[in-house]
Amino acid sequence: MPAPKDDPLIPLRHSTAHVMAQAVGELFPGTKFGIGPAIEDGFYYDFDLPRPLTPDDLEAIEARMREIIRGNYPFIRREISPEEGRRIFHDQPYKLELIEDLQAGRADEDGESISTGPLTLTTYTHDTFTDLCRGPHVEHTGQIPADAFKLLRVAGAYWRGDERRPQLQRIYGTVWPARQELEAYLVRLEEIERRDHRRLGRELDLFSVDPNLGAGLVLWHPKGAMIRYLVEEFWRQEHLKWGYELVFSPHIGRSWLWEKSGHLQFYRENMYAPLEIDEQEFYLKPMNCPFHISIYRSRVRSYRELPLRWAELGTVYRYERGGVLHGLLRVRGFTQDDAHIFCRPDQIEEEVLRCLDFCLHLWRAFGFHEYEIDLSVRDPAHPEKYAGGDEAWQQAEQALSRALEARHLPYRRAEGEAVFYGPKIDWKIRDALGRTWQCTTIQFDFNLPERFDISYIGEDGREHRPYMVHRALLGSMERFLGLLIEHYAGAFPVWLCPVQVALIPITDAQVPYARQIEEAVRAAGLRVVLDDSNRRMQAKIREHQLQKVPYMLVLGAREEATGQVAVRLRTGEDLGDMPLSRFLEMAREAVEKKV
RNA sequence: GCCGACGUAGCUCAAUGGUAGAGCAGCGGUCUUGUAAACCGCCGGCUAAGGGUUCAAAUCCCUUCGUCGGCUCCA
C-alpha cells in the first residue's frame, strides 16, 4: 500500500529505490525502467528485464547498492522541458509514456492521476542514474544506511496496473534509518507470519482447504465450526433484535432467474457451469439477491409493510480466478451474512443510518475498532452510465454520506467508483499483514427492482417501485473468521473459544475427581475437555497453552483434598487454588462480557 | 487469468542423476510426576498427478492440479 503522505521516511525510501534502479540498470544492460515509489515500510521499483530475477540476483543488486551508497553521490534536482525529457529518456519507453501523460495532465510520476498538467518536469540524478521524479530525496546516497536496507522479494506487476499491458518485474525492498529498526521490522514480519490465519487454522485444528476436493472450498473442523456456530448464533439473535426477519433460499436456481437478474449477461465468468436436468439448466448461486427478490414478488406488497429487512446466511459459489485464492480470505464457496432491505423513498435515510449503527454494533462486539471506509459514488461526468434516475441517485448518495457523517466515520469519497446499479459504502478491515479486506458492503440497487419489476401499492392505490439495499456486514463467514483468527492471534475471547476450560489431573489418581469437576463445569454451560492422557502435567499445560485455551484447571492431591481447583490462565498467570464455584463465576462473567 | 518461486510422512525439513531420512505429531509400553516438552519402542512414503529423457529420476524436460509472493479482479 502507498506510504502515508506525511511519512518522514519517504525521501529515504524513494532514494533507496533510485539506488536500486541504478544497480539493476548496471547489472542488466538494456533494462527498461517503470516506476519506483516509496510505500508503507519500504519501496519498490518496476523493471522490464531481459530475464526473470532470482534470489542470487537480489544479493548481487544489494552488493552493488552498497557500493553506490559508499560513493556519497549527491541527488541533483533539475527542471527540464518535456522536449528535453524525451531526449534524456529516448530509449526508455515507459518514461516516455509518463512524459506524454504528464503533458496531457493524465498522471504524475507515480502513475497516479492528477488534475492539471505541469509543463515543467523534474529529474533527479545521482552518480550515473537519472530518473523522472518529483522528489524529494535525501542529500546524497551516503545518507542511506548500508546495513539497514534489504531487498525482500520479486513479483510480477502490470505496467500501469493494467492487465492488458506488459508485465514487469517488481522488486520490493525495505529501508530504515538504522540497523536496529530494520531488525525490528523483520521480527515484526515473523510475528505477523505466526498469526497468519492459515497457519493458526492448522495448528488450532479449525479448518482446512483440501485441494483434492477443490481449491477455495473450505472444510470446517469441529473447533472452527464451533466458533462459526457461535458467530452465526450471535448474528441471528442480533438481527432479530434489530428488526430483521430471517429467510432461507436454495443453492441453485433455473437459468430463467439468472437471465432475469442479468447475472448470465454480466457475471457469467464468475459462475460455475450449469447443471442440466429434465432439459433445464440450473446454476449454483453466486448471489442471494434474486431469491430474496423472488420472495418479495411472491405476492402483492403494501406500503404499510415496508421496510422489509430480510437476512440470510446465504452460501454462494463464485468461480474466482486461480491466482487470487487465499486461505479463508478469498475462496470459491462462502457464506455471506446477507440481507436485503426493501423500503419506500421516504424511509431510505433512516434505513441507511440503522444499517450503519447495526454494523458498528457488530464489529465492536467482535473487538474491531479500526476501519477504512470508501463511499463509492457516480462519476459526475457520465451520469448516463448508470441505472436508475438522477433524483434517486442523489437521494441515495446523500443518505449514505449523511449517515457516515452523523456517526463521525471518516471516509474516502470515491467518485466514479460506484457500480452501474447504485452507490455503495465499502468498509474494509486490515489483516495481520496490513492488507485490507472488504467485508462490509452497503449497496443501493436501482437495477434489480427494475429487472424483476417489483412494486408496492402506495397510499394512493397505485404501484410504486421500492428502493432496494443489499448489505453484508461481516461480509462472509469465511473471510470474517479468517480476520477474527488473525485479530486475536488465535486467542479468542472466552465466549468464542471452542474449548474454554482444560482440566489437567496431575496423576491418574485425580482422574475421578477431574471427572466430577468436568461434569460441574459442563453443567455450568462451559466447553470443557479433560486431559487424562499419559503425560506429565507440564506437557499438558504446554499443550493447552499452545491451543490457547483460556482456563486451565490443575487438579492434584491438594485440590482434591480441599475440593478446590488451581486456576491458570493462558496468559501464564497462576491464580492459585480457589473453590470451583468462584472459578465458574469468573468464567461466566468473562463469557457474558464477551472478553 | 498473468509473472515468479515451489510441491518429499499429519507438521517442519534432509537426501552429487545411483538403496528416500530426521525431529515433532500419532500409536504401544514404562513412569504417577505441582505450572510451557519424562523415557523406551513401533507405525508412517507409488517423492502432487500424468507423460517423457536415461542403464538408472525426488533430482533433468513437458503437461495438468495445487500452494506461496505479487499484479489484475473481488465478500
Quick check: do A:L329 and A:L483 have side-chain heavy atoms less than 4.5 Å from each other? yes
Heavy atoms only, 4.0 Å cut-off, all strands: where does A:E320 land among base, sugar-phosphate and nothing? base
Answer with base, sugar-phosphate or nothing: what part of the nucleic acid does A:R318 contact at a heavy-atom distance below 4.0 Å? base
Under 4.0 Å between any heavy atoms, over every strand shown, what does A:Y172 touch: base, sugar-phosphate, or nothing? Just pick one. sugar-phosphate
Students often get this wrong, so: under 4.0 angstrom with heavy atoms, is A:E559 touching a base, only sugar-phosphate, or nothing? base
Is there a stack between A:F334 and B:rA75, judged by ring centres under 5.5 Å and planes under 30°? yes
Could you tell me whether A:G161 contacts a base, only the sugar-phosphate backbone, or nothing, with contacts defined as non-hydrogen atoms closer than 4.0 Å? sugar-phosphate
Residue matched to B:rG66 through Watson-Crick or wobble contacts both under 3.5 angstrom: B:rC6
Is any side-chain heavy atom of A:L484 closer than 4.5 Å to one of A:L496? yes
Do A:M578 and A:Q564 make a side-chain contact, defined as non-hydrogen atoms from C-beta onward lying under 4.5 Å apart? no
Sugar-phosphate only, base, or nothing, as touched by A:L546 at under 4.0 Å among non-hydrogen atoms: base
For A:R170, answer base if it contacts any base atom (sugar-phosphate contacts may also be present), sugar-phosphate if it contacts only those atoms, and nothing otherwise; contact means non-hydrogen atoms under 4.0 Å. sugar-phosphate
Kindly point out which of B:rG34, B:rC68, B:rC11 is positioned nearest to the side chain of A:R202? B:rC11
Just checking A:Q438: base, sugar-phosphate only, or nothing, at a heavy-atom cut-off of under 4.0 Å? sugar-phosphate
For a quick check of understanding: with a heavy-atom distance under 4.0 Å over all strands, which category does A:Y267 fall into, base, sugar-phosphate or nothing? nothing
Picking from B:rG66, B:rG69, B:rG34, which would you name as closest to the side chain of A:H326? B:rG69
For A:A509, answer base if it contacts any base atom (sugar-phosphate contacts may also be present), sugar-phosphate if it contacts only those atoms, and nothing otherwise; contact means non-hydrogen atoms under 4.0 Å. nothing
Taking A:Y421 for its side chain and A:A418 for its backbone only, find out whether a donor-acceptor pair lies under 3.5 Å. no
Assign A:A215 to base, sugar-phosphate, or nothing according to its heavy-atom contacts below 4.0 angstrom with the strands shown. sugar-phosphate
From the set B:rA38, B:rA75, B:rG34, return the single nucleotide nearest to any side-chain atom of A:R536. B:rA38
Counting heavy atoms from C-beta on, name the nucleotide in B:rU35, B:rA75, B:rU72 closest to the side chain of A:Q336. B:rA75
Closest to the A:Y158 side chain, choosing from B:rC73, B:rU35, B:rC71: B:rC71
So, A:R228 and A:E232, do they make that salt bridge, N to O below 4.0 Å? yes
Let me know, please, whether A:V567 or A:V209 comes out on the 5' side of the other along RNA chain B by nearest nucleotide. A:V567
Give A:G475 one of three labels, base, sugar-phosphate or nothing, depending on what nucleic acid heavy atoms sit under 4.0 Å from its own. sugar-phosphate
From the list B:rA75, B:rC73, B:rU35, which nucleotide is the closest neighbour of the side chain of A:M537? B:rU35
Describe the nucleic acid contact of A:Q167 in one word from base, sugar-phosphate, nothing, applying a heavy-atom distance below 4.0 Å. base
Give the ring-plane orientation class for A:F420 versus A:F266, where under 30° counts as parallel, over 60° as perpendicular and anything between as tilted. tilted
Applying a 4.0 Å non-hydrogen cut-off, can you work out what A:D337 is touching in the nucleic acid: base, sugar-phosphate, or nothing? nothing
If each of A:A472 and A:D577 is mapped to the nucleotide of RNA chain B with the nearest heavy atom, which maps nearer the 5' terminus, i.e. the 5' end? A:D577
